[in-house]
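Here's the structure we're looking at; comments come further down.
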Amino acid sequence: MSLLFRRASLASLGLAFGLSALSLSPLMAQETAPAPAPADAAAPTPAAAPVDPNAVVATVNGQPLTEADLMLAEGELSQQFAQLPPEQRRAAALSAAIEIRVMAAQAVTTGLDKDPDFQRRMAFLQQRALHGEMVEKGVVAKVTDAEVRARYDQEIANTPPVNEVHARHILVKTKEEAEAIIKQLDGGADFQKLANEHTSDPSGKTSGGDLGWFGPGQMVPEFDKAAFALEVGKYTEQPVQSQFGWHVIKLEDKRTKQPPAFDDVKDQAKQAVIRDKYFALVKSLRAGAKVEIPDVKLKQAVDTMEAGK
């Protein structure tokens, strides 16, 4: 759940927040750090000179088309240009901007700009754009590093400790096979050797049945219950049945799962702060707005939806 708010997506932020409950539960996911550059890597290319947004790149029927206009076209149409080589995207964006200009001019000439449906769409698009500006400048831009850190600390403090276990298992088809293996273990046989010889789990045939570390709920319920009930160094005295067959489980170790580092999840923490600030702003503005919905059923549906935010 990383936070990559772009201007083009800010207009739909309210809808996105309404459709999914953003939380810090994915904080436990770790992000892969970028690989260090090789020692003999070439020196970075010098940064390009700043672009003057008012520089004219073309004129269309005598009207200037500037670098700012071109950058806007590139941003709005970035998905259409995604498959193009980088060196072609600027030309494609300029071509598209020119096409839009000439078609728009023709639409005005023929009076399409006076069409009621068009004017309604234009009004809505303007409102969406203003909504996006309000979110970006009234919410996102006002989030501080201190607020993000405080949200991280709050989430960590409110998250109960989670135990993890490191286990091995031997998976066989029948209960009788599992009981025979337990009998060998009772006689002092080596668990890892038996796993390599007998398990039907392909990944365990060369690892001594090693499953690594896992937390509650990551395994099927029967296996999960049996593994977490064991003491370190012990194995199940009775075979454990699951949908995959019969298991003999050995517990190697237990530990309390450590929370993720702040730098690994600060984007998620920032997203949570933005969510809260966004809904607080919407709530205050809605409280001061006079909203009337004559349709009783529709009003009830809207009220229910609003109450869930």
Does any N or O in the side chain of [X] come within less than 3.5 Å of the main-chain N or O of [Y], such that one atom is a donor and the other an acceptor?
X: Q218; Y: G215; value: yes
X: T109; Y: A105; value: yes
X: T110; Y: A107; value: yes

Linking Ile, Leu, Val, Met, Phe, Trp and Tyr through side-chain heavy atoms less than 4.5 Å apart, which residues share a cluster with [X]?
X: M219; answer: V165, L171, L211, F214, V220, F223, F228, L230, V232, V240, F244, I249, L251
X: I181; answer: I170, V172, I182, L185, F191, L194, Y235, W246, V248
X: M122; answer: F118
X: I98; answer: V57, V60, L65, L70, L94, V102, M103

If I take atom [atom1] from residue [X] and atom [atom2] from residue [Y], how far apart are they, to the nearest 0.5 angstrom?
X: H198; Y: Q184; atom1: NE2; atom2: CD; answer: 5.0 Å
X: W213; Y: K254; atom1: CH2; atom2: NZ; answer: 10.5 Å
X: Y152; Y: E155; atom1: OH; atom2: CD; answer: 11.0 Å

So which atom in [X] and which in [Y] form the shortest heavy-atom distance, rounded to 0.1 Å?
X: A93; Y: A73; result: O-CB, 4.2 Å
X: A195; Y: G209; result: CB-N, 3.6 Å
X: F81; Y: A96; result: CZ-CB, 4.1 Å
X: S200; Y: P202; result: O-CD, 3.2 Å

Pairs involving residues 158-182, ordered by first then second residue, that meet salt bridge (charged side-chain N to carboxylate O under 4.0 Å, His left out) (sequence neighbours left out):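 Listed by first then second residue: E164-R255, R168-E252.
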Pairs involving residues 222-243, ordered by first then second residue, that meet salt bridge (charged side-chain N to carboxylate O under 4.0 Å, His left out) (sequence neighbours left out): none
For K299, all residues meeting side chain to side chain donor-acceptor pair (under 3.5 Å), sequence neighbours excluded: D303
Residues in side chain to side chain donor-acceptor pair (under 3.5 Å) contact with T144, at least two apart in sequence or another chain: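 If we apply the side chain to side chain donor-acceptor pair (under 3.5 Å) test to T144, skipping adjacent residues, the hits are E147.
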Side-chain contact test, heavy atoms from C-beta onward, threshold under 4.5 Å: evaluate it for [X] versus [Y] and give yes or no.
X: E306; Y: V302; answer: yes
X: D115; Y: Q119; answer: no
X: P161; Y: K257; answer: no
X: K290; Y: E292; answer: yes
X: M134; Y: H131; answer: no

Counterpart residues, side-chain contact (heavy atoms from CB on, under 4.5 Å), relative to D153 (two or more places apart):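 side-chain contact (heavy atoms from CB on, under 4.5 Å) list for D153, sorted by chain: R149.
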Partner residues of L285 under the side-chain contact (heavy atoms from CB on, under 4.5 Å) criterion, sequence neighbours left out: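 side-chain contact (heavy atoms from CB on, under 4.5 Å) list for L285, sorted by chain: L281.
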Steps toward side chain to side chain contact (heavy atoms under 4.5 Å, CB included) verdict (H247, T236): CA-CA 9 Å; H247 306 263; T236 49; over 6 Å; no
Under 3.5 Å side-chain donor-acceptor pair for H169 and D210: no
S203-D201 side chain donor-acceptor pair, cut-off 3.5 Å: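 Yes.
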With a 4.5 Å cut-off on side-chain heavy-atom distances among I, L, V, M, F, W and Y, is there a chain of contacts connecting [X] to [Y]?
X: L298; Y: M305; result: no
X: L84; Y: L77; result: yes
X: F279; Y: I274; result: yes

Pair K270 + D145: basic N to acidic O under 4.0 Å: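 Salt bridge: no.
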Electrostatic pair D117-R120, nearest N-O below 4.0 angstrom: yes
Sequence-distant partners of D52, salt bridge (charged side-chain N to carboxylate O under 4.0 Å, His left out), two or more places apart: none
From CA spacing to verdict: side chain to side chain contact (heavy atoms under 4.5 Å, CB included), F262, I156: CA-CA 10 Å; F262 172 70; I156 296 302; over 6 Å; no
Qualifying side chain to side chain donor-acceptor pair (under 3.5 Å) pairs, either residue in residues 59-69, two or more places apart: T66-D69, E67-R90, D69-R101
K205 atom NZ, neighbour heavy-atom count above 12 within 6.0 Å: yes
Q126 atom CD, over 12 foreign heavy atoms within 6.0 Å: no
